[in-house]
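Chain naming here is simple, since letters A, B, ... match the order of the sequence lines and numbering starts at 1 in each.
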Amino acid sequence: MKLVMAVIKPFKLDEVRDALTPLGVQGLTVTEVKGFGRQKGQTEIYRGAEYQVSFLPKLKIEVAVASELVDAVVEAIAASARTGKIGDGKIFVLDLERALRIRTGETDGSAL
Amino acid sequence: MKLVMAVIKPFKLDEVRDALTPLGVQGLTVTEVKGFGRQKGQTEIYRGAEYQVSFLPKLKIEVAVASELVDAVVEAIAASARTGKIGDGKIFVLDLERALRIRTGETDGSAL
Amino acid sequence: MKLVMAVIKPFKLDEVRDALTPLGVQGLTVTEVKGFGRQKGQTEIYRGAEYQVSFLPKLKIEVAVASELVDAVVEAIAASARTGKIGDGKIFVLDLERALRIRTGETDGSAL
Amino acid sequence: MTPWMRGAVLAAPMLTLAALPALAADEPKLDAGNTAWMLIATCLVLMMSIPGVALFYAGMVRKKTVLATMMQSFFVAALIAVTWMVAGYSIAFGNGGLFFGDFSKVMLSGIAWNEPFILGAGMTGTPDPTVATTIPETVFFMFQMAFAIITAALIFGAVADRMKFSAVCLFIVPWSLLVYSPIAHAVWHPAGIIWAWGALDFAGGTVVHINAGVAGLVACLVLGKRVGYGTDNMSPHNLGLAMIGASLLWVGWFGFNAGSSLAADGRAGMAMLVTMVAAAMGTITWVFAEWAMKGKPSALGAISGAVAGLVAITPASGWVFPGAALVIGGAAGIICFWASTALKKALGYDDSLDAFGVHGVGGIVGALLTGVFAYGMLYKTDDAEAALAYSGILYGNPDMLWVQAKSVLATMAYSAVATFILLKIVDAMVGLRVSEEEEREGLDVTQHGERLG
Amino acid sequence: MTPWMRGAVLAAPMLTLAALPALAADEPKLDAGNTAWMLIATCLVLMMSIPGVALFYAGMVRKKTVLATMMQSFFVAALIAVTWMVAGYSIAFGNGGLFFGDFSKVMLSGIAWNEPFILGAGMTGTPDPTVATTIPETVFFMFQMAFAIITAALIFGAVADRMKFSAVCLFIVPWSLLVYSPIAHAVWHPAGIIWAWGALDFAGGTVVHINAGVAGLVACLVLGKRVGYGTDNMSPHNLGLAMIGASLLWVGWFGFNAGSSLAADGRAGMAMLVTMVAAAMGTITWVFAEWAMKGKPSALGAISGAVAGLVAITPASGWVFPGAALVIGGAAGIICFWASTALKKALGYDDSLDAFGVHGVGGIVGALLTGVFAYGMLYKTDDAEAALAYSGILYGNPDMLWVQAKSVLATMAYSAVATFILLKIVDAMVGLRVSEEEEREGLDVTQHGERLG
Amino acid sequence: MTPWMRGAVLAAPMLTLAALPALAADEPKLDAGNTAWMLIATCLVLMMSIPGVALFYAGMVRKKTVLATMMQSFFVAALIAVTWMVAGYSIAFGNGGLFFGDFSKVMLSGIAWNEPFILGAGMTGTPDPTVATTIPETVFFMFQMAFAIITAALIFGAVADRMKFSAVCLFIVPWSLLVYSPIAHAVWHPAGIIWAWGALDFAGGTVVHINAGVAGLVACLVLGKRVGYGTDNMSPHNLGLAMIGASLLWVGWFGFNAGSSLAADGRAGMAMLVTMVAAAMGTITWVFAEWAMKGKPSALGAISGAVAGLVAITPASGWVFPGAALVIGGAAGIICFWASTALKKALGYDDSLDAFGVHGVGGIVGALLTGVFAYGMLYKTDDAEAALAYSGILYGNPDMLWVQAKSVLATMAYSAVATFILLKIVDAMVGLRVSEEEEREGLDVTQHGERLG
Ligand SMILES: Nc1ncnc2c1ncn2[C@@H]1O[C@H](COP(=O)(O)OP(=O)(O)O)[C@@H](O)[C@H]1O
Ligand SMILES: Nc1ncnc2c1ncn2[C@@H]1O[C@H](COP(=O)(O)OP(=O)(O)O)[C@@H](O)[C@H]1O
Ligand SMILES: Nc1ncnc2c1ncn2[C@@H]1O[C@H](COP(=O)(O)OP(=O)(O)O)[C@@H](O)[C@H]1O
């Protein structure tokens with residue numbers, strides 16, 4: 001199993017979720033994060049004091065998926081989250097050793 | 001070492017922490033997240049416009065533990081976070097290559 | 001590639017970022033978290049009811065880096081986030097299998 | 001000739017006499033008590049807009065448009081204040097024709113600051129058509145300005161989350177001059193046409209609420225639905241703020257309704273009382289309706305119902321007894337609940353914060369029920385005959401309901417058409433709506449370069 | 001016969017005379033100045049409940065009960081408004097027996113809207129037991145309604161985070177009719193028993209604060225502690241909101257206390273002054289006590305101390321001088337600090353937001369110190385002899401402290417017993433408390449289907 | 001001899017006469033209408049500090065100092081209230097010398113609670129230098145107390161995020177006694193030196209705003225910049241709160257300015273009107289300036305501009321016509337925008353929330369333009385000759401601008417020097433500034449042991 005972790009633009013969440021559902025992804029977890037990257041926020045001059053808004057609001061999505069699904073999932077996220085503008089975000093894939101559904105105790109594949 | 005990542009119902013936090021302490025877990029990190037899964041929120045009809053509350057508030061717990069502790073930790077979380085109702089959440093285990101305590105520079109086992 | 005995940009004191013964020021930039025780190029993702037650890041909050045007696053503030057505000061930083069950079073990155077974070085007082089936080093390193101920049105589709109090294 | 005202030009023609013001297021020595025009957029004088037009340041009533045009505053409506057609306061939008069929503073009350077208040085001083089007041093309350101006032105009061109030229117104000121001074125007729133007060137014109141001007149401001153602010157609830165700030169500014173100034181002021185003139189000035197019909201609108205059921213509600217409806221139809229409407233979660237980001245806003249509206253509304261007596265007299269007291277009762281009943285019926293239909297009594301329902309009750313009692317507030325207030329408030333709670341949920345859903349428009357569903361519909365309910373429950377004796381305490389012209393069907397004047405309906409229809413028609421034309425002009429100039437991407441990103445960042453939290 | 005408004009019997013004509021021509025002395029007339037003040041004082045007192053108490057309480061609970069807490073002020077305001085109109089007012093201020101009024105004013109039947117109100121009109125005796133005012137009864141009704149509302153809203157601070165919304169509704173309506181109104185009658189109506197004892201309660205130390213505080217204490221005992229009390233972090237989720245609430249309470253309290261003069265007169269001015277001084281002193285002593293004992297001066301301490309000072313000066317506010325206000329406010333700050341921390345901890349009950357610790361205890365402190373510091377001459381400016389009956393021990397009337405203590409005990413006993421019975425009945429009907437799971441989940445979602453943020 | 005209240009010497013009897021029978025001319029009596037207005041004006045001005053300034057400032061700081069910032073208004077209000085009662089009022093409004101009053105009113109000894117207040121009673125001269133009112137001294141005392149409080153609260157905007165709470169307390173009490181009260185005496189008491197110069201300050205341009213602004217500037221220079229100033233993101237954490245605060249300031253300012261007429265008269269009405277117009281113009285010009293220069297019209301700009309306009313009209317508000325208000329408000333919006341951005345950046349000081357840039361600079365703009373636009377006839381409606389002494393250069397009195405400039409310079413000089421000395425003393429006692437680590441951690445936790453959210 002793999003844990004796919006993607007950082008995306010906030011307003012793309014619904015599209016990403018809708019792109020994953022047909023693949024059989026039944027769950028995911030979303031976190032509000034701040035991203036620092038090539039995309040620069042405006043330079044703000046707040047009442048005379050200048051500073052660069054370097055941390056921009058992003059969403060981090062974590063989806064645990066079976067290994068054979070991972071390519072499809074990465075592609076689906078990449079396609080649905082893309083706007084083509086700087087700051088679209090990243091997708092990271094980590095190896096996942098175990099998974100367990102708390103309610104039932106099911107493990108691994110059937111826990112997802 | 002392993003990184004145990006669990007998504008649980010928010011009000012279970014204190015119980016989970018209390019279940020981990022006796023195992024020797026001395027620290028953990030908690031994040032407020034939104035979970036999408038089999039558990040569905042109510043259909044809301046907010047002044048005539050219908051929508052499904054599909055993202056529900058959850059907490060994500062991350063605990064780094066020595067490899068030999070991981071089974072006990074997973075079990076303890078599973079037991080203490082279970083309500084038996086849908087939406088109880090998941091536990092994921094990832095491999096952790098290194099750990100370091102910033103204050104002292106201690107690494108790996110002694111950093112946890 | 002590796003995913004470096006660090007839990008730090010909130011006000012250290014700017015210093016950490018400034019320590020990473022010279023190493024060529026071009027992006028990172030920050031999450032507000034609550035940390036439970038050896039550092040204890042004050043015991044609060046809020047209008048007669050006593051409780052221990054056990055979860056303290058921390059920031060979690062996630063940086064994906066090329067494997068050869070990981071030592072420098074860990075060191076830079078450790079140095080810049082250290083205050084020497086309890087609660088300085090941890091650095092964890094996980095193995096990262098894949099990375100992808102959503103905007104361009106670039107993968108792995110060039111995606112970071 | 002019938003509207004609310006005519007009451008004052010007769011009643012003001014009569015009531016005020018109570019506290020004044022004999023000579024006051026001859027020539028009206030400034031009265032410190034009435035002036036004190038109108039100064040503070042003005043503060044209350046301004047507080048209804050900032051921070052009242054600002055909070056009420058800002059609490060119901062999504063987090064990314066909070067500041068933009070507040071600006072639609074705050075900055076609009078500033079714009080309308082100047083507009084009103086420059087010309088709006090003169091168009092509304094200058095003497096003149098049936099539809100709008102003359103320009104004699106433009107830039108407040110020649111405003112008397114130390115004499116009692118007489119509305120329509122210079123007009124003649126039998127009976128004397130002027131309305132005498134015991135407050136300075138500055139205070140009357142300010143009180144009415146606060147009405148012009150809140151009417152403008154209310155509209156934008158219908159188009160929350162999607163209108164350009166530049167368009168807001170370019171639209172609202174001519175709207176106030178060409179829609180608000182003429183309707184205020186027609187209804188509230190002794191020379192106005194709706195006054196001449198004999199319609200009753202004590203504190204602004206037509207002028208303020210129906211007018212703003214209809215303008216909002218037209219605006220949300222012209223702009224179209226929010227992106228994601230019907231699928232995305234658009235629930236209020238912070239109902240706590242909305243609840244503060246609703247509370248300030250409730251409290252401020254006493255200034256609105258009881259202040260419309262233009263004096264701290266018995267009628268003001270009764271107006272405050274019926275306002276409270278109707279607000280309470282609106283709250284209760286909306287919440288219970290929701291509890292019965294949807295299973296839970298919501299905070300959003302409570303504040304919506306309160307405002308519905310307040311809106312509905314507004315045109316009636318100087319004319320009815322507490323029992324009527326129970327009925328008017330209770331009816332408004334249920335009918336506005338239906339309008340903001342079932343009706344809106346059926347018709348499919350996206351009136352984001354129900355400017356029409358609450359203010360428009362509530363105003364209509366109130367205006368019509370005024371035609372039922374108005375009790376003319378409430379100011380003509382002695383002459384039952386003459387009082388008939390100010391009474392509803394329940395007190396022997398069967399025509400009143402029709403007169404009220406006519407005033408409602410006329411207001412709706414004029415407001416709809418004029419609003420539509422103005423919006424189309426602004427659309428041609430700068431465009432009304434932000435781009436889809438800007439809407440997704442949120443108005444706070446894209447329009448104002450700011451963000452909450 | 002002694003309570004506060006008797007002051008008005010004599011003082012009102014006297015003071016008002018200043019501004020009125022000779023004929024006013026013969027027959028009271030409506031006075032626009034006094035009416036203006038009472039209209040706005042009513043707005044201030046309503047603002048104390050919504051949004052005042054709503055914010056004060058909502059800022060101190062956990063995030064998951066913010067909206068439910070606000071509803072306990074907002075919706076309760078609506079319920080009590082209608083209850084008060086239907087019968088509460090008549091039970092409190094109708095003539096009648098020692099314990100409650102008659103039903104002559106049910107549904108406001110026959111309310112005079114354009115004449116000065118005389119409390120107890122129709123009663124006879126020597127000296128004349130009635131209380132004459134120069135405001136319409138509508139305004140008196142509204143002012144008192146605002147008191148009935150805030151008293152009801154205060155109670156729920158004690159049971160925050162755990163009471164069913166249906167139980168809130170079912171409990172508070174009969175409570176207002178059967179507990180609040182009778183106590184108001186006993187203390188403030190010339191026919192009432194506590195008035196007959198000669199107890200002094202200018203603006204509601206017993207009727208409002210002790211009453212609400214004791215009812216809250218009983219309620220939190222009947223409902224039991226919050227799940228997790230003593231171990232979980234239950235610190236206020238947003239003291240900023242609580243601070244806004246406390247500020248609005250402070251400002252609104254001027255309407256509460258100075259408004260209880262029922263006129264914009266010298267007594268109202270003095271009442272406002274002592275109210276300010278006591279609030280300030282309560283703030284200072286609570287904060288300094290906390291600073292000394294716990295090492296840090298907290299914002300929560302500041303707002304708690306302010307409210308403690310305000311509560312304590314309430315019964316005294318029309319009877320005392322600024323020096324006494326320093327003592328009363330200062331004492332309340334320290335004693336309520338002790339009651340809300342040490343005492344509560346020692347006794348182990350879970351009065352979530354210290355309805356009893358602040359309002360109950362503060363009210364007791366104030367009522368007793370009124371018996372010490374009351375200066376009868378404050379309204380009887382000429383007759384030192386007669387003034388004795390309105391003076392505390394410091395000004396030569398040693399009995400007053402006991403009279404005050406008796407009124408405190410009577411209020412506490414009646415409020416406790418009646419509240420207990422009503423709660424038990426409601427418990428049998430629908431259950432008072434949400435399930436443990438619902439409590440964990442939070443009242444916002446489980447009771448109202450809503451969530452903040 | 002010229003300041004604002006002298007207007008009252010002549011105008012009050014004259015205006016009040018309108019509503020009073022003949023005998024009132026002989027001997028002033030309490031007037032219920034004027035008292036009602038001043039009671040509520042006092043509430044409004046207090047509301048400007050709590051929650052007004054508290055919210056305005058707290059919304060603009062970072063999240064870690066919200067509660068500490070609110071405490072700098074809330075707790076300071078409590079401290080100043082007691083300070084004012086003990087001695088501040090006597091120093092300001094007791095008779096005495098050119099620079100401060102005597103100690104005859106310490107602890108409010110002998111305050112008359114039921115007679116009309118005469119400022120300077122006991123002074124003699126031709127013409128009679130005293131200022132007669134028709135309100136009790138208690139109310140005058142409270143109204144002025146609210147001014148003392150807000151002046152104190154405003155200062156701390158300049159040093160937000162870095163001052164110790166103990167230093168706040170130790171600094172502000174002597175500051176109020178030794179800086180605020182003497183300046184108030186000099187400007188507003190008939191015996192004061194600036195009054196003797198003939199300077200006009202209707203509602204506190206010098207006494208309140210320049211004074212607070214300069215004290216803030218000195219304080220931020222003495223304390224030094226915030227850690228991270230110029231590099232870290234210090235943008236407002238919640239402009240929604242600031243917007244509520246600004247709205248309450250706006251509404252409350254009517255009490256501030258129109259209340260400074262000390263009566264509900266024609267001058268109060270005109271003061272309210274010009275206040276509104278100037279606030280609106282300040283909002284508009286600041287926002288448009290920002291839109292033009294920085295590309296976006298911000299909510300922060302709107303509220304800053306509103307306050308700038310309000311500050312600038314303050315000294316002028318009883319002396320000018322609406323047209324002048326357009327100019328004064330508009331000028332203040334642009335000049336304060338420049339001062340808070342370009343000027344501050346150029347000079348490099350860290351006035352965190354622009355106490356100086358808005359209040360100091362706005363006050364200077366207003367005080368000087370009062371010397372241009374003051375129209376003496378506004379209270380001396382009949383005697384054009386005598387009115388000259390109250391007129392600006394536009395109405396034939398070329399000296400007035402210089403007199404105003406002199407009063408501005410004197411206020412700035414005294415405030416700066418005295419503030420500097422007091423700060424140095426407090427610094428020696430407990431230190432003014434928290435440690436760098438505490439500043440990073442935030443004042444909420446380190447000073448008060450509390451946290452928001
Ligand atoms: N090396 C990294 N490690 C972790 N997160 C990163 C990294 N680089 C970028 N990110 C995240 O991806 C987001 C987008 O990156 P950015 O460089 O702005 O644009 P792009 O994705 O178009 O290259 C950043 O805001 C940050 O949250
Ligand atoms: N594949 C997944 N990857 C990541 N998180 C998941 C995944 N599936 C579920 N979750 C998380 O677990 C939570 C509970 O899942 P859900 O399907 O609702 O119930 P249950 O755990 O009882 O099966 C979700 O809200 C989501 O946060
Ligand atoms: N085993 C762990 N797994 C995950 N996070 C941990 C763990 N131990 C500590 N942390 C995180 O690190 C933070 C600091 O740890 P703490 O024990 O308080 O101090 P120190 O880092 O100085 O040892 C904690 O607040 C928590 O967020």
Region of [X] in contact with chain E, defined by heavy-atom distances below 4.5 Å:
X	result
L241(D)	neither
I284(D)	both
L300(D)	both
A279(D)	neither
A306(D)	side chain

Counting heavy-atom pairs closer than 4.5 Å to chain D, which one of [options] comes out on top?
options	value
L79(E), T35(E), L39(E), I80(E)	L39(E)
E137(E), M47(E), Q447(E), M107(E)	Q447(E)
V66(E), V139(E), L55(E)	L55(E)
I111(E), T69(E), L248(E), T446(E)	T446(E)

Go through the side-chain N and O atoms of N34(D) and T134(D) and say whether any donor and acceptor fall under 3.5 Å apart.
->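 There is such a pair between these side chains.
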Report yes or no: do D444(E) and T65(E) form a side-chain donor-acceptor pair below 3.5 Å?
->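 No, no side-chain donor-acceptor contact under 3.5 Å.
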Is there a side-chain contact between [X] and [Y], using heavy atoms and a 4.5 Å cut-off?
X	Y	answer
F140(D)	M38(D)	no
V445(E)	E450(E)	no
W253(D)	F256(D)	yes

For the pair T341(D) (side chain) and F337(D) (backbone), establish whether a donor and an acceptor sit closer than 3.5 Å, ignoring hydrogens and angles.
->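 A pair under 3.5 Å: yes.
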Which bit of M142(E) comes within less than 4.5 Å of chain D, counting heavy atoms only: side chain, backbone, both or neither?
->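 Contact with chain D: side chain only.
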Check whether the ring centres of F165(E) and W291(D) lie less than 6.0 Å apart, and answer yes or no.
->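 Distance test on ring centres: under 6.0 Å, yes.
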